[in-house]
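Here the structure comes first, spelled out in structure tokens, and everything after it is commentary.
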Protein chains: 2
Amino acid sequence: MAEKVTIATVARHARVSRQTVSNVLNSPHIVRQETRQRVEDAINALGYRANQAARQMRTGRSRLIAARIDPTRDGINGSVLDRFLHGLTETADAAGYRVLLYTATDDDREIATYGDLLGTYELDAFVLVGTKHGDPRTEWLADRDVPFVTFGRPWDALDAHPWVDVDGAAGTAQATRRLLDAGHRRIAFIGWPVGSGVGDDRRAGWRDALRAAGVDPTGLHRETEDGIAEGERLMHDLLDTVAPSAVVCASDSLALGALQAIRGVDPPVSVIGFDDTPVAAAVGLTSVSQPLGEAAARCVDLLTGVLDGDHETPTPVLLQPSLALRHTA
Amino acid sequence: MAEKVTIATVARHARVSRQTVSNVLNSPHIVRQETRQRVEDAINALGYRANQAARQMRTGRSRLIAARIDPTRDGINGSVLDRFLHGLTETADAAGYRVLLYTATDDDREIATYGDLLGTYELDAFVLVGTKHGDPRTEWLADRDVPFVTFGRPWDALDAHPWVDVDGAAGTAQATRRLLDAGHRRIAFIGWPVGSGVGDDRRAGWRDALRAAGVDPTGLHRETEDGIAEGERLMHDLLDTVAPSAVVCASDSLALGALQAIRGVDPPVSVIGFDDTPVAAAVGLTSVSQPLGEAAARCVDLLTGVLDGDHETPTPVLLQPSLALRHTA
DNA sequence: AGGCAGGATTGGATCGTTCAAGTTTCTGGA
DNA sequence: TCCAGAAACTTGAACGATCCAATCCTGCCT
């Protein structure tokens, strides 16, 4: 069993002092080329890796980012968080950070966990997925100057913090325009109850696209909690009342329900979902696709901007979704 | 901004030495009750939290567990990893550990990542999800005496290491017996190509249950890669050739495909899937349910057993799945 | 009352790194 | 040739916890 390789081992091997090795790692430019090469060779030869705990003690930086993982609460959309976390891990890694998971059952507990993670592990930053009106979490973090980014824009104008989001309205608008271009006029919308920022945003995109095309959206939309059964129920309702020729949905779950409701209806009703989940791909549902990997990458960009340098407030990022075309529209 | 609270702050506040505070934290039984109380009060009053980096430097233990997160490769089954990770995070937390994520695109890179994580962060243990024949990862870890657990049993008898798994054969057997009890005799099976440990296991459960009931399984099974389209294709094939009255599938994706294939067939063909994914719940598919939270908890149990104490080799855990009954069977 | 055993408490050393301040070496211009 | 100033490198101290060995109590027994 080889003894532990520390910075001192490397220093001895390269015939320089500890500090010079440290400089090669942290401020390479102040070390002479020749010396730097010698140190780097020693590092490689010995397989040296800087001990993060010791580094952290001195610098107060853990190079750790926290993200929450939830039980899959929303049946179909569960994979969204999954894909986002994967992207986050990958990009953070490239930037020299690691992702630490935590869970919490409610906001109070989540905030208590923040304190624990910050105190015990000295986390560098948090990534919050999803935001809501009057979010106590962002307030708590901002009050303590803890760096964080949210995937999801702040719905209350007051608190400004770095965020990344996907333009849901643009997504539903794009979906709606595609249907308009295909000749549809009675294009319905199935979404979530008024008051959820995300839901209102997606509905607005549909509404505005219709209006821009000179179609009156009045009476063409329905609201419900998310779920396949709910989507099916509302689609039946729409068929019975306004008989749309196409429908845009706020989620793939709702769209899947709608698909079940229109089975056998002739002429076929076009359906477009939201999130481009694996299920949508599997059943051939056209769906608005969020660039989750890109979103995760931009979150990391914003964080490293705050952590590693520029003190200027980072610019929020609003990404454009695309339409994954399949055979339902 | 309050100054940092260290063990010295607590000691001063409680009028004891640093060591006594440390003892209260690590070996409470050797401190007099009265003193202990005073120290604990001070800890609470000051909101003290032991600095993990400093502790780690001295003890060499990071209280960090690594787990891999994959991009959702398998459409529907993606949420399995999701749910497992959530359970892992929750249980690890309760045991005083945190979960660190990493990604890797292939085995070599994954092993390189092990080295990095161990060298830099001094990870305490790894949790590997999924195992395969001749897995180089388990070998690497075992060679270096790195503690790890796999969720998925080792398919090669040779290398013994702590593992937790769900008895897939028992799951498909249970599903098969339920269909037998309902009067079915021609019960087909749609699964994965021979050679994958998991797939073979699930098929064996179906086969043995049929044989035990005196039914010959010959010709009643089909194999393919996972996917809805594949499931649909094979179900059509089965209908055309052996005309089963029920089918057990190795995954919910395959089952969903089968469901599409039997639409309109009369009398209705019963279908049972595997994994009890949210999609199964949504479409009313009866499915074999893996106790993922329990599996994660047992993984943590095994690890803490190795890390915090008993040197005896921990006993592998084989959990029993249950049947989530819905209206397809 | 004295001595002793044993538990409770104390100060000092240590983990591996970076920071701050010091010392040596190099470079170029008069 | 000499020296100022910059560049390159070295040394000592510190981060906050635990471990170790020495010391201080305390109660108990003779």
Side-chain angles (χ1 to χ4, degrees), chain A residues 2-40 42-43 46-64 96 116 118-124 308, chain B residues 2-40 42-43 46-64 96 116 118-124 308:
Chain A
E3 69 187 280
K4 203 176 287 182
V5 178
T6 77
I7 210 169
T9 321
V10 176
R12 218 176 307 127
H13 198 268
R15 302 173 181 282
V16 293
S17 67
R18 298 177 322 243
Q19 183 60 35
T20 299
V21 177
S22 175
N23 285 337
V24 168
L25 294 172
N26 303 301
S27 321
H29 59 281
I30 69 167
V31 179
R32 188 158 34 121
Q33 160 65 28
E34 176 199 326
T35 314
R36 189 166 61 213
Q37 190 59 55
R38 196 152 36 105
V39 171
E40 282 168 352
I43 288 177
L46 297 166
Y48 165 78
R49 292 170 204 272
N51 180 304
Q52 175 54 31
R55 171 175 283 178
Q56 177 179 343
M57 239 206 328
R58 198 61 209 154
T59 63
R61 303 270 308 272
S62 62
R63 304 203 74 84
L64 245 35
D116 187 31
L118 288 169
T120 312
Y121 287 90
E122 296 182 286
L123 271 139
D124 286 346
D308 299 333
Chain B
E3 68 186 282
K4 204 174 288 182
V5 178
T6 76
I7 208 171
T9 321
V10 175
R12 219 177 306 126
H13 198 269
R15 302 169 182 283
V16 293
S17 67
R18 291 167 320 191
Q19 179 62 28
T20 301
V21 177
S22 176
N23 285 337
V24 169
L25 295 171
N26 303 300
S27 322
H29 59 280
I30 69 167
V31 180
R32 188 164 26 130
Q33 159 65 27
E34 178 198 325
T35 314
R36 188 166 63 213
Q37 189 59 53
R38 198 151 36 107
V39 171
E40 282 168 352
I43 287 177
L46 296 167
Y48 165 78
R49 290 168 206 271
N51 180 305
Q52 175 54 32
R55 171 176 285 177
Q56 178 179 345
M57 262 237 277
R58 207 48 216 151
T59 63
R61 303 272 305 272
S62 63
R63 306 204 73 83
L64 245 36
D116 186 32
L118 288 169
T120 312
Y121 288 89
E122 297 183 283
L123 271 138
D124 286 346
D308 299 334

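Chain letters run A, B, ... following the sequence lines, proteins first and then strands; every chain starts at 1.
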Measuring only between side-chain heavy atoms, which start at C-beta, is A:Val39 closer than 4.5 Å to A:Val31?
no
Counting only distance, no hydrogens or angles, is the base of D:dT18 paired donor-acceptor with the side chain of B:Arg55 under 3.5 Å?
no
Do the side chain of B:Gln52 and the main chain of B:Ser62 share a donor and acceptor less than 3.5 angstrom apart?
yes
Evaluate the side-chain proximity of A:Arg36 to A:Arg32: yes if any heavy-atom separation is below 4.5 Å, no if none is.
no
Euclidean distance, B:Leu64 CG relative to B:Gln56 CD, rounded to 0.5 Å:
7.5 Å
Kindly state which residues belonging to residues 26-39 of chain B come within less than 4.0 angstrom of DNA chain D, counting heavy atoms of the residue only, listed by number.
B:Asn26
Min side-chain heavy-atom separation A:Val16-A:Thr35 under 4.5 Å:
yes
If I take atom CD in residue B:Gln52 and atom P in nucleotide C:dC15, what distance separates them, rounded to the nearest angstrom?
19 Å
Ordered by number, residues from residues 11-20 of chain A within less than 4.0 Å of DNA chain D (heavy atoms) are A:Val16, A:Ser17, A:Arg18, A:Gln19, A:Thr20
Which of these nucleotides, C:dT18, C:dG16, C:dT9, is closest to any side-chain atom of B:Asn23?
C:dT9
Calculate the interatomic distance between B:Arg61 atom CZ and D:dT18 atom C1'; express it in whole Å.
13 Å
Distance below 4.0 Å between B:Tyr121 side-chain N/O and C:dG16 OP1 or OP2
no
All heavy atoms of B:Ala50 vs all of B:Arg55, minimum pair found to be CB-NH2, 3.5 Å
Any salt bridge linking B:Asp116 with A:Arg49? Criterion: basic side-chain nitrogen under 4.0 Å from a carboxylate oxygen.
yes
Nearest to the B:Ile7 side chain among D:dG16, D:dT18, C:dT17, which nucleotide is it?
D:dT18
Report yes or no: is there a donor-acceptor pair, N or O only, under 3.5 Å between the side chain of B:Arg58 and the base of D:dT18?
yes
What's the CD-C1' distance between B:Gln56 and C:dT14, to the nearest Å?
15 Å
Quiz: residues 21-29 of chain A side-chain donor-acceptor pairs under 3.5 angstrom, not counting sequence neighbours:
unit_1	atom_1	unit_2	atom_2	d
A:Ser22	OG	A:Asn26	ND2	3.3
A:Asn23	OD1	A:Gln19	NE2	3.2
A:Asn23	ND2	A:Gln19	O	3.4
A:Asn26	ND2	A:Ser22	O	3.0

Under 4.5 Å between any side-chain heavy atoms of B:His13 and B:Tyr48, yes or no?
no
When we call it a touch if two heavy atoms are under 4.0 Å apart, what does A:Ala50 touch: a base, just sugar-phosphate, or nothing?
sugar-phosphate
Phosphate OP1/OP2 of C:dT18: any A:Ser22 side-chain N/O under 4.0 Å
yes
